[in-house]
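Written out below as structure tokens is the structure these notes cover.
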Amino acid sequence: GDGEIIWAIDRGRVVEWNEKGQPLRLMGVLQEITKSKEAEIELVRSKNQLELVVRETRLGTWDWNPITNDILFNDTFFSMLGYAPGEIESSLDGWTRLIHPDDLPNADRAIEALLNGATSEYECEMRMRHKNGDYVWTYDLGHVVERDKEGHIVRVVGGHFDIDKRKQQEQVLVAGFVASLINTCSTRDLKSAVTVDMLLGRQSAKQQTKTSDQAKADMKALLAEVG
């Protein structure tokens with residue numbers, strides 16, 4: 001009555017025909033669906049916005065079913081490692097085969113802790129094999145989004161964030177620590193060398209924690225939308 005536009009769904013059927021089989025009377029129901037339609041539109045808008053953010057941040061997402069071990073990867077996950085979509089096997093085995101052997105035990109322990117209920121999140125820094133044979137450092141975070149009636153985990157959503165540049169910077173900094181230590185030791189000032197090494201090491205640890213915390217916060221927000 002006030003001129004407001006609403007969403008509605010109209011259903012009907014013919015209930016009477018004439019002798020020639022032509023419809024004479026139609027009965028139906030008009031049902032308002034404004035709230036559900038607005039929710040649907042908002043969901044589509046949020047999904048489009050999320051997809052844009054994922055593309056801009058180059059977040060490689062994955063959706064894992066621990067019962068079947070099937071994993072769905074987004075296109076960014078593949079491109080981050082130099083692959084075309086579909087070139088990596090969509091399973092836990094396909095994923096773990098790309099992890100650096102030295103980092104695989106940590107990843108296994110993190111997954112086991114999640115499945116056993118020891119933690120509510122899966123989190124791990126690890127190197128993954130690029131298609132060109134090199135290894136790329138990634139920060140991996142995931143959380144449980146669905147359980148069955150018995151409480152078993154049936155869906156885990158997570159993502160990979162490329163931290164290779166940050167790791168390279170850390171390696172350069174470590175090399176600087178060593179060079180500083182050797183140079184100071186050559187001047188027979190071992191105490192100063194240890195002090196410099198400790199101070200720089202603390203600064204590196206603070207920077208690493210800050211970077212990881214920020215990446216974790218950003219990924220948590222995105223994965224909350226994905227789930």
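Computed from a predicted model, the values in this text were never measured in an experiment. Heavy-atom basis, side chains included; hydrogens, waters and symmetry copies ignored.
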Please assess Glu121 against Thr119 for the test side chain to side chain donor-acceptor pair (under 3.5 Å), listing each intermediate value before the final yes or no.
CA-CA 6 Å; Glu121 293 180 345; Thr119 179; 5.9 Å; no
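- Hydrophobic clustering of Ile, Leu, Val, Met, Phe, Trp and Tyr side chains at less than 4.5 Å, counting indirect connections, keeps Tyr135 apart from Phe161.
- Distance alone, capped at 3.5 Å, places no donor-acceptor pair between the Asn65 side chain and the Asn69 backbone.
- Using a 4.5 Å heavy-atom threshold, the side chains of Thr76 and Thr61 count as separate.
- When all heavy atoms of Asp140 and Gly159 are compared, the pair lying nearest together is OD1-O, 2.8 Å.
- Here Asn116 pairs with Glu112 under the side-chain contact (heavy atoms from CB on, under 4.5 Å) rule; sequence neighbours left out.
- For Arg97, the side chain to side chain donor-acceptor pair (under 3.5 Å) test picks out Glu89, with sequence neighbours left out.
- The line from CD1 of Ile88 to CG of Leu81 is 5.0 Å long, rounded to the nearest 0.5 Å.
- For the pair Met128/His130, no side-chain contact is recorded, criterion being any heavy-atom separation below 4.5 Å from C-beta on.
- Aromatic ring pairs are classed by plane angle as parallel below 30°, tilted from 30° to 60° and perpendicular above 60°; the pair Trp62 and Trp95 is tilted.
- Taking every heavy atom of both residues into account, Ile111 and Leu92 meet most closely at CD1-CD1, 4.3 Å.
- In this structure, a donor-acceptor pair under 3.5 Å is present between the side chains of His152 and Asp148.
- Between Val136 and Asp162, the closest side-chain pair of non-hydrogen atoms falls below 4.5 Å.
- Between the NZ atom in Lys35 and the CD1 atom in Ile6 there is a gap of 12.5 Å [rounded to 0.5 Å].
- Hydrophobic clustering of Ile, Leu, Val, Met, Phe, Trp and Tyr side chains at less than 4.5 Å, counting indirect connections, unites Trp17 with Leu26.
- Linking ILVMFWY residues whenever their side-chain heavy atoms come closer than 4.5 Å, directly or via other members, places Tyr83 and Phe77 in the same cluster.
- Note that CH2 of Trp137 and CD1 of Ile163 are 7.0 Å apart. Values are rounded to the nearest 0.5 Å.
- In this structure, the side-chain contact (heavy atoms from CB on, under 4.5 Å) partners of Arg11, at least two apart in sequence or on a different chain, are Ile9, Gln31.
- By the criterion of side-chain heavy atoms lying less than 4.5 angstrom apart, applied directly or through intervening Ile, Leu, Val, Met, Phe, Trp or Tyr residues, Phe78 is grouped together with Ile71 in one hydrophobic cluster.
- In plain terms, the two heavy atoms of Pro66 and Arg155 that are nearest each other are CD-N, 3.9 Å.
- The hydrophobic cluster containing Val154 does not contain Val156, counting ILVMFWY residues as joined when their side-chain heavy atoms lie under 4.5 angstrom apart, directly or transitively.
- Remark: Ile153 CD1 to Ile67 CD1 distance equals 8.5 Å, nearest 0.5 Å.
- To the nearest 0.5 Å, the span separating NZ on Lys131 from CD on Glu87 amounts to 3.5 Å.
- Thr138 places a side-chain N or O within donor-acceptor distance of the main-chain N or O of Met126, the cut-off being under 3.5 Å.
- At least one side-chain heavy atom of Arg13 sits under 4.5 Å from a side-chain heavy atom of Val15.
- Side chain of Ser91 to backbone of Gly94: a donor-acceptor contact under 3.5 angstrom is found.
- The shortest non-hydrogen separation linking Asp10 to Val29 is OD1-O, 3.3 Å.
- For the pair Asp103 (side chain) and Arg127 (backbone), a donor-acceptor distance under 3.5 Å is present.
- Between Tyr139 and the options Glu125, Glu123, His160, a side chain to side chain donor-acceptor pair (under 3.5 Å) holds for only Glu123.
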